[in-house]
Every structure is written in structure tokens, then in C-alpha cells.
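Keep in mind the model is a prediction, meaning the values are calculated, not measured.
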There are 2 protein chains.
Amino acid sequence: MTTATAGPASTRRTGEELVLAVHAAALAEIAEHGLRGASMDGIARRTGTGKAALYRRWSNVRELGLDVFLTTMADSSPANYPDTGSLREDLLGSLRGFAGLLRGPLQTVLRELISESTHDPSLVAEFQARVGEPMQAQRIAMLQRAMGRGEIPTQPIDPLVFELPPAIVLHRLLLCGEVIDDETTVKLVDNVLLPLLGYRR
Amino acid sequence: MTTATAGPASTRRTGEELVLAVHAAALAEIAEHGLRGASMDGIARRTGTGKAALYRRWSNVRELGLDVFLTTMADSSPANYPDTGSLREDLLGSLRGFAGLLRGPLQTVLRELISESTHDPSLVAEFQARVGEPMQAQRIAMLQRAMGRGEIPTQPIDPLVFELPPAIVLHRLLLCGEVIDDETTVKLVDNVLLPLLGYRR
DNA sequence: GGATTTGTGAACGATCTCGTTCCTTGTTAG
DNA sequence: CTAACAAGGAACGAGATCGTTCACAAATCC
């Protein structure tokens, strides 16, 4: 498509555009074959590029895969949710956000990190540091605000309670094969979290 | 070691003995390379046997891997715990049993099933049917006995509550890289499950 | 516009894997 | 004890992958 002012369209991807395409292809290849079963040849084919362009950036398939994982995690930082003024709404919003993330490429990354963590626990540690812990901090902040509002008693909370939301989400995803639905999210908040927190209705 | 009455020791493994050795080697190879990255050559080498002996039983590495998974799951059926007369002790016993299972080969299987379930959810469904659901049934029976004893009120319980124990165990295993320790098990029972169940002390 | 950089496709040699076949020999069954 | 079966090791041809190199040409930079 040539326009009078825009000049000829380019026929090749270069620089960052190519890296993005390679990342997408690598993620698809890894989802299909696992990190350890994926190949540079496969990724190059899927991207529609030459191997030399891959090897100019990454020295092997593992390095490329890890780059994809880290980039995906960086792109999946949990959003900062507005203070709704209600603990229940805050918790629901946080869980819905997490569920939304898991409907995207982060799910593939998480699955592979889990498989890899037998031999390299640093990968899931990275996931925790970049995704898990920021979300935990958000939940703590929500609870502190709720205490300030008098919604829950001001007392220490067993850290296990903070662990319940990601644990259930993960269990649903990995063993039931589905991202947690909204009905379950509401039940988790109303029937598990709020009672444990001593929520005052 | 030849004894006067036992006859010469055999130098080859045959039949079931060889299958067990192949299974162990396959599990180790899969733990290291993933199901999709493992090879028949690698498993044969690790077993110390010829490929023909493998191919006489399994037509490819995937079939061997799935056989290993199913066998491991069948060997990992949850034990039947004695009725302790106390809900707390029952729950602790059940969770400790599950943790014990995850210290063995079942952990490798679970990790691989999770990685595989992107494309083949039937595998984790099998895990749920053979391991997850029998444990759930045990927990339900424990709660019914506790209701009969008056330890907890006789009322419907949100199924999410039954999901919390395996969810936490899984979360700890997969994202923290450790089988749940006994202190956490006790806290989970005392600070999460029993309060949610309305346990009367 | 020219020089440099980069992308694409192909080719290369080495290595690995697949699935099969064969030979030798240990093991089992009758 | 003998025949049949099965294990272990090696070899085979085909295919795939790895990492590298090259030629050509598109894209970028000055």
C-alpha cells in the first residue's frame, strides 16, 4: 500500500518489531513443546525469519525462552487498583485483575516456570518477586485501609490468609484447567476471606 | 554373591523388574528434560538397557511417559486414615499424608502434568480423579463425622473450603518450591480451616 | 547517495534422535 | 537339556537440530 505521502511500506521487520515477533513465536513454540523441547529452528520458522537474526541476539533457545518469560512478567505487573472504600470491592477487583492476567501469555509462562522449577527455582522466585509479591503488597494495603475504616478488627492476620487468593486461583487454573470464574471469586471473598478477616457487615 | 542354596545371581533384568527400572529411569529423564524433551535413547541409556527392549513395550517416548505417570499415580493413592475422633487430628493427618506423597515421585508427575495440561487437560483430570477426588472424599467424611460428634455445626459447607487444603499445598510446592512444612500445616488447620468450619473448641 | 547494518534464506558439518534390525547370550519354560 | 523367548548392545538410514557462515538485498545511518 503506497500512499503519496507515506512512502513505500517496508517489507522486513527490523529491530524491536522483529524482537516482538520473535517473542510471540517463541512463546507459542514453548507452549507447544515446552522450554526444553523447543528449538531455534522451530522458533525461526514460526517467526518467519532466519536463524542468524535469532543468534545475533540470543545464543541459544534457553536464553531466548528466559528473555520471553521475563518480558512477559514485566508486561504483567499487577495494576494499581483504586481505593473503592470497601474491602470487599477491593478484594474482588484485585482477584479479577489477577484472573485477567492469567487469560493472557502469563499463563504459559507460569506453566513453564513450574515445570522448570524442579531444577531452577530461581525462575518461579522471579515470578514471585515480580507478580506475586506486588499483589500481596496490594492486598496488605487493602486490609490496612479496611482496618482504618473499621471494616475489620485491627489485629494481626496470619499470613496464610494472604496466601489463599493466589492459592485458589492457581489450583483452579492448574488442576481444573480454567481461570477462576467470577462466581467463584465472589464466593472466595464472601465465604472465605471476609469471614476469616472478621469482616463487619 | 553366590550362596550355596540360592543359585547364581542373574545378570539381566527381565519382565517386571526391567519395567520398574525403566519407569524409574524415565521419571528421572522426564524430570530433567520434560516429557517433550525426553528421548528414548536417553531413557535406554539411563536404564542401562537396549532400545529394542523399550520399543517392545512402548511405541514412543510419550506412551512410556504416560505409562509412568499413571503408574505413579496409582501407587500414590491416599491412605485411609483412621478416625481419630478429633476433626483437627483428622485434618492434620490427611494433610501430612498428602505432603508425604509430594515428597516422592508424585511431585515430578504433577509438575509435568501441569506443563502438559496446556494441550492435554485429560492428564490433570486423571490426577484429580485418582488423587485429588479420593482425598476430597476423605475430607468430606471427616467433616461429617465431626458434625456427628458436634465439633462443628451441622450446616452446608461451601465447597471452596474443601479446596483450600490442596490449593495451599500446591501453591507452596509450585511457587515456593517446598513441600508444606508441619508448622504451616498446623496453622492452616487451626487458623483457616477450623475457624471457617465453625469449630467448637 | 554511499557506507554500514541488519534481515532472510540457504547451506554446511557435526551431533543427536527415531525406529528398526541384527547378533549374541542370558533366562525361562517345558 | 533343549527350544523359545527376551535382554543388551551395536549398527543403520533418515530426519531433525545446533551453531555457523555466506550471499543477497532491504533498511538505516550519516
Side-chain angles (χ1 to χ4, degrees), chain A residues 1-3 5-68 71 112 116, chain B residues 1-3 5-68 71 112 116:
Chain A
M1 235 17 122
T2 308
T3 64
T5 60
S10 64
T11 62
R12 282 182 180 174
R13 296 157 299 185
T14 58
E16 192 56 30
E17 183 188 5
L18 180 64
V19 170
L20 285 175
V22 172
H23 273 194
L27 197 61
E29 195 75 18
I30 289 165
E32 186 170 331
H33 298 285
L35 176 59
R36 282 161 288 180
S39 69
M40 284 304 235
D41 273 296
I43 293 167
R45 232 176 349 248
R46 197 183 283 248
T47 307
T49 194
K51 282 200 288 184
L54 297 191
Y55 281 107
R56 284 182 60 251
R57 294 170 169 80
W58 301 282
S59 50
N60 54 56
V61 69
R62 186 169 186 85
E63 185 181 318
L64 169 53
L66 298 187
D67 186 28
V68 172
T71 305
E112 277 309 307
E116 283 290 306
Chain B
M1 235 17 121
T2 308
T3 66
T5 60
S10 62
T11 63
R12 281 182 181 177
R13 297 157 298 185
T14 58
E16 192 57 29
E17 183 189 5
L18 180 63
V19 170
L20 284 175
V22 172
H23 275 194
L27 198 62
E29 194 74 11
I30 289 166
E32 185 170 335
H33 298 285
L35 176 60
R36 282 161 290 179
S39 69
M40 285 301 235
D41 273 295
I43 293 166
R45 234 177 348 248
R46 196 183 283 250
T47 308
T49 194
K51 281 200 287 183
L54 298 190
Y55 282 109
R56 284 181 61 251
R57 294 169 168 82
W58 302 282
S59 49
N60 54 57
V61 67
R62 186 170 185 85
E63 185 181 320
L64 169 52
L66 298 186
D67 185 28
V68 173
T71 304
E112 278 309 306
E116 284 291 305

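If you take CG of B/L54 and P of C/dT17, they are 14 Å apart, rounded to a whole angstrom. Here the P atom of nucleotide C/dT17 and the CZ atom of B/R36 are 18 Å apart, to the nearest Å. Per the geometry, CD belonging to B/E17 stands 21 Å off P belonging to D/dC5, to the nearest Å. Atom CG in B/L64 sits about 14 Å away from atom C1' in C/dC18, given to the nearest Å. Spacing between atom CG of B/L18 and atom C1' of C/dT28 amounts to 15 Å, rounded to whole angstrom units. Distance B/M40 CE to D/dG15 C1': 17 Å, rounded to the nearest Å. For the pair A/Y55 OH and C/dC12 C1', the computed distance is 14 Å after rounding to whole Å. Rounded to whole angstrom, the span from the CZ atom of A/R45 across to the C1' atom of C/dT8 amounts to 15 Å.
Contact annotation: A/R62 side-chain N/O to D/dC18 OP1/OP2 distance is not under 4.0 Å. Residue A/R12 places no side-chain N or O under 4.0 Å from the OP1 or OP2 atom of C/dT5. Taking side-chain N and O atoms only, B/R13 has a distance below 4.0 Å to OP1 or OP2 of D/dG8. Contact annotation: B/S59 side-chain N/O to C/dG19 OP1/OP2 distance is not under 4.0 Å. B/T14 has no side-chain polar atom (N or O) that falls below the 4.0 Å cut-off from OP1 or OP2 of C/dG26.
Rounded to the nearest 0.5 Å, atoms CD (B/E16) and NE2 (B/H23) are 8.0 Å apart. With rounding to the nearest 0.5 Å, the separation of CE in A/M40 from CZ in A/R62 is 13.0 Å. The distance from atom CD1 of B/I30 to atom CG of B/L64, rounded to the nearest 0.5 Å, is 6.5 Å. One finds the CG atom of A/L18 at 5.0 Å from the OG1 atom of A/T49 (value rounded to the nearest 0.5 Å).
Note on the helix from C/dG1-D/dC30 to C/dG30-D/dC1: terminal axis deviation equals 30°, with five pairs used at each end and the result rounded to 10°.
The nearest heavy atom of DNA chain C to A/R57 and to B/S39 marks one nucleotide each, and the one closer to the 5' end goes with A/R57. The residue among B/N60 and A/T49 whose nearest nucleotide of DNA chain C lies closer to the 5′ end is A/T49.
Counting only residues at least two apart or on different chains, the salt bridge (charged side-chain N to carboxylate O under 4.0 Å, His left out) pairs with a member in residues 20-39 of chain A are A/E29-A/R46, A/E32-A/R46, A/R36-A/E116, A/R36-B/E112.
Out of D/dG19, C/dC18, C/dT8, the shortest distance to the side chain of A/A52 is found at C/dT8. Comparing C/dC18, C/dT8, D/dA7 against the side chain of B/D41 picks out C/dC18 as the nearest. Residue B/T11 has its side chain nearest to C/dT27 when only D/dC18, D/dA27, C/dT27 are considered. Among the nucleotides D/dG8, D/dT17, D/dC18, the one closest to the side chain of A/V61 is D/dC18.
A/L66 places none of its side-chain heavy atoms less than 4.5 Å from the side chain of A/E63.
Between the side chain of A/R56 and the base of C/dT6 there is no donor-acceptor pair of N/O atoms closer than 3.5 Å. At a cut-off of 3.5 angstrom, the base of D/dG19 holds at least one donor-acceptor pair with the side chain of A/K51.
The only member of B/L20, B/V22, B/T47 that meets side chain to side chain contact (heavy atoms under 4.5 Å, CB included) when paired with B/R13 is B/T47.
Nucleic acid contact class of B/A44 (heavy atoms, under 4.0 Å, all strands): none. If you check every strand for non-hydrogen atoms under 4.0 Å, A/G42 touches nothing.
The two residues B/A26 and B/V68 come nearest to each other via the heavy atoms CB-CG2, 3.8 Å.
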